[in-house]
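Data block below; observations after.
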Amino acid sequence: MPTMPDWSRAAVRQMRAASRLYRYADGRVARTVPMIAAAGADDLPPAGGILRPVLADILGRATLHAGATVRLGMSFTSMEQDADGVDVAFTDGSRGRYDLAIGADGVNSKVRAWVKPEFPGPKFSGQGSWRAVVPRLRENSVICMGRTTKAGMNPISATECYLFVLDKRAGMDFIDPADWPAQLAGLLDEFGGELGQLREQIRAGTLPNPRVLYRPLAGHMIAGPWHKGRIVLLGDTVHATTPHLASGAGIAIEGALVLAEELGRRHSLEGALLAYAGRHYDRAQLVVTASGRMGQIEQEGGSLEEHTRVMLHAQEALRAPL
Ligand SMILES: Cc1cc2nc3c(=O)[nH]c(=O)nc-3n(C[C@H](O)[C@H](O)[C@H](O)COP(=O)(O)OP(=O)(O)OC[C@H]3O[C@@H](n4cnc5c(N)ncnc54)[C@H](O)[C@@H]3O)c2cc1C
């Protein structure tokens, strides 16, 4: 079972005061960046880490509570549309006809092949992403900049953090999961302080349940329109970002809100789908390009000044109302 985050008043107050600490690999403090709450959300924490299964559980419950019909563990085999609807054949042999089909099936979307068959696929960013669940050694987030590797920790509960490491790589080569802990520990060799302590625990295999994960990072920003007839794309299918701003899920949810609003207020489906992409494109692009630039700076061992400037500018722009 995933650990539930601590949403007690004390924990929320603590997160409201959150700041992000930048350190050099040897542990020296480079700068502290305050985290500012979103406009109109001063009573909420400006940021908070959460494990994917915990977030998925919250969203899944809300989806059922909203009255949606949910069928899990299946996909579709074909989608055919005419002027009045979309016919979908599912992998369990069932079929359905719908007014609108929304493809929100992620970075390697199968629905996208129906809407944008010419799209060649996501592009490797030059970095690999490593994650592990570790004891919470610090109150707030910390980012440590190595030569071409970035590492840090984000709290996810009263007692746990997730450790993140982004390293420079030549390609998307397969790495055997059995080697992940040793490779992750090797990447932390240049880091001191708490990261050095965690490295030794990963190497010795003494962390209780670290759940080490590796994934090469790939992304894209696909030009609009994001629909063809009655099939529309959402989230990572059209704007898959690297994780540098930790905003990929947020901007995907924002896209869903914009789509719902436009469907609710336009008279024509075509008008609503055009307005959705038109209104959402710039903010999604900001997330993708700012994250991409931060990743480039990390790979080049570039300017920390520029790195924080790009991040703060994007965070400020994303705080603005839609
Ligand atoms: C290493 C890493 C760290 C990240 N960290 C953060 C972060 O801290 N904060 C943040 O906001 N974002 C983060 N992101 C980005 C975030 O994960 C994505 O932007 C977000 O999940 C996109 O949501 P989505 O619904 O579009 O796609 P997904 O979350 O990928 O969901 C797609 C769904 O479609 C399903 N699916 C796929 N193919 C099919 C098919 N053929 N048929 C049926 N179903 C299918 C999948 O099972 C999945 O449930 C990170 C990304 C990476 C790679």
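For this chain, numbers begin at 1 and follow the sequence in order. Basis for what follows: all heavy atoms, side chains included, without hydrogens, waters or symmetry-related copies. Every number for a ligand or one of its atoms is a count from 1 in the order of the listing.
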Distance to 0.1 Å, residue and atom name: give those for the protein heavy atom nearest to [atom].
| atom | result |
| --- | --- |
| atom 31 (O) of ligand 1 | Ala104 O, 4.2 Å |
| atom 5 (N) of ligand 1 | Pro243 CB, 3.7 Å |
| atom 15 (C) of ligand 1 | Gly248 CA, 3.8 Å |
| atom 30 (O) of ligand 1 | Gly106 CA, 3.7 Å |
| atom 18 (C) of ligand 1 | Asp236 OD2, 3.3 Å |
| atom 40 (C) of ligand 1 | Ser75 OG, 3.3 Å |

Might you check, step by step, whether the distance between [atom] and some protein heavy atom is under 4.0 Å?
| atom | answer |
| --- | --- |
| atom 47 (O) of ligand 1 | no |
| atom 8 (O) of ligand 1 | yes |
| atom 22 (C) of ligand 1 | yes |

Where do Arg283 and Leu318 come nearest, in terms of heavy atoms and distance?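 So the minimum-distance heavy-atom pair works out to NH2-O, 3.0 Å.
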Over all atoms of both residues, closest heavy-atom pair of Thr149 and Leu187: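 In this case the closest contact between Thr149 and Leu187 is CG2-O, 4.2 Å.
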Report the member of Arg215, His244, Arg52, Lys110 with the shortest heavy-atom distance to atom 51 (C) of ligand 1.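 Shortest heavy-atom distance from atom 51 (C) of ligand 1: Arg52.
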Just to be sure I'm reading this right: ignoring hydrogens, which of Ile50, Leu55, Thr237, Asp105 gets closest to atom 38 (N) of ligand 1? Compare them by their nearest heavy atoms.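 The nearest heavy atom belongs to Asp105.
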Going by atom types alone, do [X] and [Y] pair a side-chain donor with an acceptor below 3.5 Å?
| X | Y | answer |
| --- | --- | --- |
| Ser125 | Thr242 | no |
| Tyr22 | His307 | yes |
| Glu262 | His280 | no |

Looking only at distances, please establish whether an N/O atom of ligand 1 is found under 3.5 Å from an N/O atom of [X].
| X | answer |
| --- | --- |
| Ala249 | yes |
| Gly235 | no |
| Ala246 | yes |
| Ser129 | no |

Ligand 1 versus Ala240, non-hydrogen atoms closer than 4.0 Å: side chain, backbone, both, neither?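 None of Ala240 does.
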Using a strict 4.0 Å cut-off to heavy atoms of [X], name the atoms of ligand 1 that fall inside it.
| X | value |
| --- | --- |
| Gly250 | 11 (O) |
| Met74 | 43 (C) |
| Arg131 | 1 (C), 3 (C) |

Count the heavy atoms of every other residue, nucleotide or ligand shown that sit under 6.0 Å from CZ of Arg215, and state whether that count exceeds 12.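 Not buried by this count: 12 neighbours or fewer within 6.0 Å.
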Take atom CZ of Arg138 as the centre, draw a 6.0 Å sphere, and report whether it contains more than 12 heavy atoms from other residues, nucleotides or ligands.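 Enclosed: over 12 neighbouring heavy atoms sit under 6.0 Å from CZ of Arg138.
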Does any non-hydrogen side-chain atom of Val133 lie less than 4.5 Å from one of Leu207?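 Heavy-atom side-chain distance check fails, nothing below 4.5 Å.
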With a 4.5 Å heavy-atom cut-off, do Asn108 and Asp236 have their side chains touching?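 No. Closest side-chain heavy atoms not under 4.5 Å.
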Under the salt bridge (Lys or Arg N to Asp or Glu O under 4.0 Å) rule, what do Arg319 and Glu316 come out as? Steps first, then yes or no, please. CA-CA 5 Å; Arg319 264 198 300 275; Glu316 186 62 41; 2.6 Å; yes
Could you note down all residue pairs passing salt bridge (Lys or Arg N to Asp or Glu O under 4.0 Å) where residues 58-78 supplies at least one of them, sequence neighbours left out?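 For residues 58-78, and leaving out neighbouring residues, the salt bridge (Lys or Arg N to Asp or Glu O under 4.0 Å) pairs sorted by first residue read Asp57-Arg61, Arg71-Asp92.
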Hey, could you give me the CE/CD distance between Met311 and Glu306, rounded to the nearest 0.5 Å?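 It comes to 13.0 Å.
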